[in-house]
Novice: 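Let me begin by handing over the structure; questions about it come next.
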Amino acid sequence: MAVKALYVHIPFCNHICHYCDFCKVFYDEKVANQYLDCLENEFKQLSINEFETIYIGGGTPSSLNEKQLVRLMNIFKPYLNSVKEYSIELNPETMNIKKLSILKDGGITRLSIGVQTFNDQLLPYIGRVHCCQDVYDLINQAKQLGFKNISLDLMYGLPHQTIDDVKNDLLTIKSLDIQHLSYYSLILEDHTVLKIKDFEPIDEEIEYQMNQLIDQTLKEMNFKKYEVSNYAKDGYQCLHNLKYWRYENYEGLGIGACGKVDNQMKEHSRSLSHYLKGQSILKIETLSKEDHMFNHLMMSLRLVEGLNIDVFNQCYQVNFIEYYQEPLNKHIKMKHLFLNHHYLKVNPDYFYLLNAILVDFI
Ligand code: SF4
C-alpha cells in the first residue's frame, strides 16, 4: 500500500505543561535551526513526494520564530500539489498575525489550536500559560486570513474542574464558528508534574457524566462524533488522523515520530542530541500478521464508522468473522459490538468499555 500521509514532529516548547508526556524540549533558537537542517535532510531521504495529508505536530510547532516557520514551510511547499489537508498544531500564546500569514502562504489548510479549557482560573493548574482571550484573538485573525478549517483541542477531568465548568466551555465553543474538536479526558501519565504532585484524578462517575454531556451538547451543535474523542462538522473530519485509525500507511519525520509502512512499524528515538548529529535511531520492527490484525482492529474500533471487514479480509487474507468468532459472538450478544454493512462497530453507549472489549480479541 502506498504511503500517503506524513507526520512531522517539531519538539520545541516554550514551557512544559503539567500533564505532558509528549516528546518535547525547551525552545532554543540555535538548536531549532539545527533541527530544521536535519529535518530537511531526513525528508530528502524519503523517496516519497506525493502525500495526501501532512500533519505538523509537536511539541509546539508555533514556538518556532518567523524565520524558522518560513523555512519549515519551504521544505514542504514543492510537494503540496497532491495534498488535500495540511495541518499544523499551534499554541495561542506563541502566535501572531505575521506567523499566521506565513502559514497561510506556506499552504497550511488546517489549524489545530491547543486550548484545553476556556476557564482562565483552571489553566494554571495544568501549566498552560495562555488565556482564553489569546484563543479568541487567534481564531479571529485566522478567519480574517481565510483559514476555513479550525480545530480546537480541549480536555475534561482537569484539576478542580466541575461539570458547570465543562458546560461553560461548551457554551463558549458554541459561540465560535469552528469546524472540528478533539476533546480528551485528562490522563495522568508517569513522570508528569500532575503525577509527581500526586494529583487525585476526578471520580470516574463524574468523568463519565462529563463525557456524556460533551457528546450530547456537541451533537446539538452539529458536531458529529466520528472517533472516541473527535467531533467534526460535515466534511471536516481530520483526513490525516483517519489514516491512522484506518490503519493505513504513514511516514514520520523528527524525533519521537512513528511510521507504518505495510508490515513494518518505524519509531524514531527521542534523543535530540543523536538526531542533531544525524544519528537518529530508527527502530524498525516487522510485526507478525496477528499483531497487525489486532492493531488494525484496535485502531479502527475507535471510529464510529468501525472496522471495514472487507478491507481487513483482503489485507490479511483471512475471514474476520471466523477468525474472531468467539469474542465477536460474546460482545455482539452483550450488545457492545454490532455488524452493519460489512463494518464492525462499537455500540456508542459502550465506547468507554473499548479497552476491556479489545482484551478479548488479543
Ligand atoms: S505545549 Fe504540548 S508538547 Fe509542549 S509541553 Fe504542553 S502539551 Fe506538551
Side-chain angles (χ1 to χ4, degrees), residues 19 110 112-119 122-123 126 132 135 139 149-188 201-242 244-246 297-308 331-332 334-341 343-359:
Y19 53 87
R110 182 174 181 276
S112 174
I113 304 173
V115 176
Q116 317 319 339
T117 172
F118 289 98
N119 183 324
L122 294 179
L123 284 166
I126 51 169
C132 63
V135 181
I139 293 174
N149 190 351
I150 298 176
S151 175
L152 305 184
D153 275 6
L154 276 105
M155 293 173 94
Y156 64 97
L158 303 177
H160 308 286
Q161 190 180 39
T162 63
I163 292 202
D164 278 344
D165 291 326
V166 176
K167 277 185 192 160
N168 287 333
D169 278 349
L170 289 162
L171 277 175
T172 305
I173 290 164
K174 194 176 180 182
S175 70
L176 303 167
D177 181 22
I178 49 124
Q179 290 69 39
H180 186 280
L181 280 163
S182 298
Y183 220 132
Y184 297 101
S185 68
L186 175 69
I187 295 178
L188 285 178
I202 58 160
D203 180 82
E204 268 184 29
E205 177 55 31
I206 295 178
E207 186 182 270
Y208 178 76
Q209 285 174 22
M210 286 178 171
N211 182 261
Q212 294 292 101
L213 174 71
I214 290 164
D215 272 3
Q216 187 56 38
T217 315
L218 290 180
K219 193 173 171 188
E220 288 160 15
M221 293 181 207
N222 293 326
F223 281 100
K224 285 196 186 130
K225 179 169 177 153
Y226 69 102
E227 192 266 351
V228 174
S229 307
N230 283 274
Y231 308 78
K233 294 203 175 139
D234 279 343
Y236 289 97
Q237 296 184 349
C238 178
L239 301 179
H240 183 83
N241 288 341
L242 276 175
Y244 296 152
W245 293 316
R246 288 175 180 156
L297 177 74
M298 178 175 69
M299 294 304 283
S300 293
L301 285 188
R302 295 185 62 86
L303 289 169
V304 171
E305 73 177 21
L307 172 83
N308 184 324
H331 289 286
I332 288 175
M334 293 170 86
K335 300 203 179 340
H336 296 155
L337 298 175
F338 65 102
L339 291 164
N340 181 272
H341 298 294
Y343 278 82
L344 175 70
K345 301 174 189 242
V346 176
N347 177 339
D349 292 341
Y350 293 109
F351 263 126
Y352 74 100
L353 287 180
L354 181 56
N355 289 343
I357 295 168
L358 284 167
V359 168

Novice: As a quick check of understanding, evaluate side-chain contact (heavy atoms from CB on, under 4.5 Å) for Y244 and M299, giving each step before the final call.
Specialist: CA-CA 7 Å; Y244 296 152; M299 294 304 283; 4.2 Å; yes

Novice: Just wondering, do Q161 and I202 contact through their side chains at under 4.5 Å, heavy atoms?
Specialist: no

Novice: Grab the two heavy atoms, one from L122 and one from P159, that are nearest each other, plus how far apart they are.
Specialist: CD2-O, 3.5 Å

Novice: Would you confirm whether Y236, through its side chain, and F223, through its main-chain N or O, come within 3.5 Å as a donor-acceptor pair?
Specialist: no

Novice: Grab the two heavy atoms, one from F351 and one from L301, that are nearest each other, plus how far apart they are.
Specialist: CE2-O, 3.3 Å

Novice: Drop me the distance from K345's NZ to L303's CG, to the nearest 0.5 angstrom.
Specialist: 10.0 Å

Novice: With sequence neighbours excluded, tell me which residues meet side chain to side chain donor-acceptor pair (under 3.5 Å) with Y343.
Specialist: N308

Novice: What closest approach, in Å, do F118 and C132 show between heavy atoms, and which atom pair accounts for it?
Specialist: O-SG, 3.5 Å

Novice: Give, for atom CZ of R246 and atom CG of L307, the distance between the pair rounded to the nearest 0.5 Å.
Specialist: 11.5 Å

Novice: Test: side chain to side chain donor-acceptor pair (under 3.5 Å). Region: residues 168-179. Which pairs qualify, not counting sequence neighbours?
Specialist: T117-D169

Novice: CG of N230 to OH of Y184: how many Å apart, nearest 0.5 Å?
Specialist: 4.5 Å

Novice: Is R110 close to H180 at the side-chain level, that is, under 4.5 Å between some pair of heavy atoms?
Specialist: yes

Novice: Given 3.5 Å as the limit, does a donor-acceptor pair link the side chain of N211 with the main chain of Y208, or not?
Specialist: no

Novice: Are any non-hydrogen side-chain atoms of D153 and S112 less than 4.5 angstrom apart?
Specialist: yes

Novice: Less than 4.5 Å apart, any side-chain heavy atom of Y350 and any of M334?
Specialist: no

Novice: Calculate, to the nearest 0.5 Å, the distance between atoms NE2 and CG belonging to H331 and L358 respectively.
Specialist: 8.5 Å

Novice: Does some side-chain heavy atom of S182 sit less than 4.5 Å from a side-chain heavy atom of E227?
Specialist: no

Novice: May I ask you to test the I163-M210 pair for a side-chain heavy-atom distance under 4.5 Å?
Specialist: yes

Novice: To the nearest 0.5 Å, how far apart are CG in L354 and CE in M298?
Specialist: 9.5 Å

Novice: Would you please test N119 and L158 for side-chain contact (heavy atoms from CB on, under 4.5 Å) and show each step?
Specialist: CA-CA 11 Å; N119 183 324; L158 303 177; over 6 Å; no

Novice: For a quick test of reading the model, state the closest non-hydrogen atom pair linking G157 to L186 and the distance between them.
Specialist: O-CD2, 3.5 Å

Novice: Roughly how far apart are L181 CG and L154 CG, rounded to 0.5 Å?
Specialist: 6.0 Å

Novice: Are the side chains of Y183 and V166 in contact, using a 4.5 Å heavy-atom criterion?
Specialist: yes

Novice: Using the rule given for side-chain contact (heavy atoms from CB on, under 4.5 Å), can you reason through I126 versus Q116, listing the C-alpha separation, both sets of side-chain angles and the distance that settles it, and then say yes or no?
Specialist: CA-CA 9 Å; I126 51 169; Q116 317 319 339; 3.8 Å; yes

Novice: Applying side-chain contact (heavy atoms from CB on, under 4.5 Å), run through L176 and L152 and close with a yes or a no.
Specialist: CA-CA 10 Å; L176 303 167; L152 305 184; 4.1 Å; yes

Novice: When you measure from the side chain of S300 to the backbone N and O of W245, does any donor-acceptor pair fall under 3.5 Å?
Specialist: yes

Novice: Taking distance alone, no hydrogens or angles, what donor-acceptor pairs closer than 3.5 Å link side-chain atoms of residues 214-221 to residues at least two apart or in another chain?
Specialist:
unit_1: D215; atom_1: OD1; unit_2: K225; atom_2: NZ; d: 3.2
unit_1: D215; atom_1: OD1; unit_2: Y231; atom_2: OH; d: 2.5
unit_1: D215; atom_1: OD2; unit_2: K225; atom_2: NZ; d: 3.1
unit_1: Q216; atom_1: NE2; unit_2: E220; atom_2: OE2; d: 3.2
unit_1: T217; atom_1: OG1; unit_2: L213; atom_2: O; d: 2.5

Novice: Any non-hydrogen side-chain atom of V346 less than 4.5 Å from a side-chain atom of V228?
Specialist: no

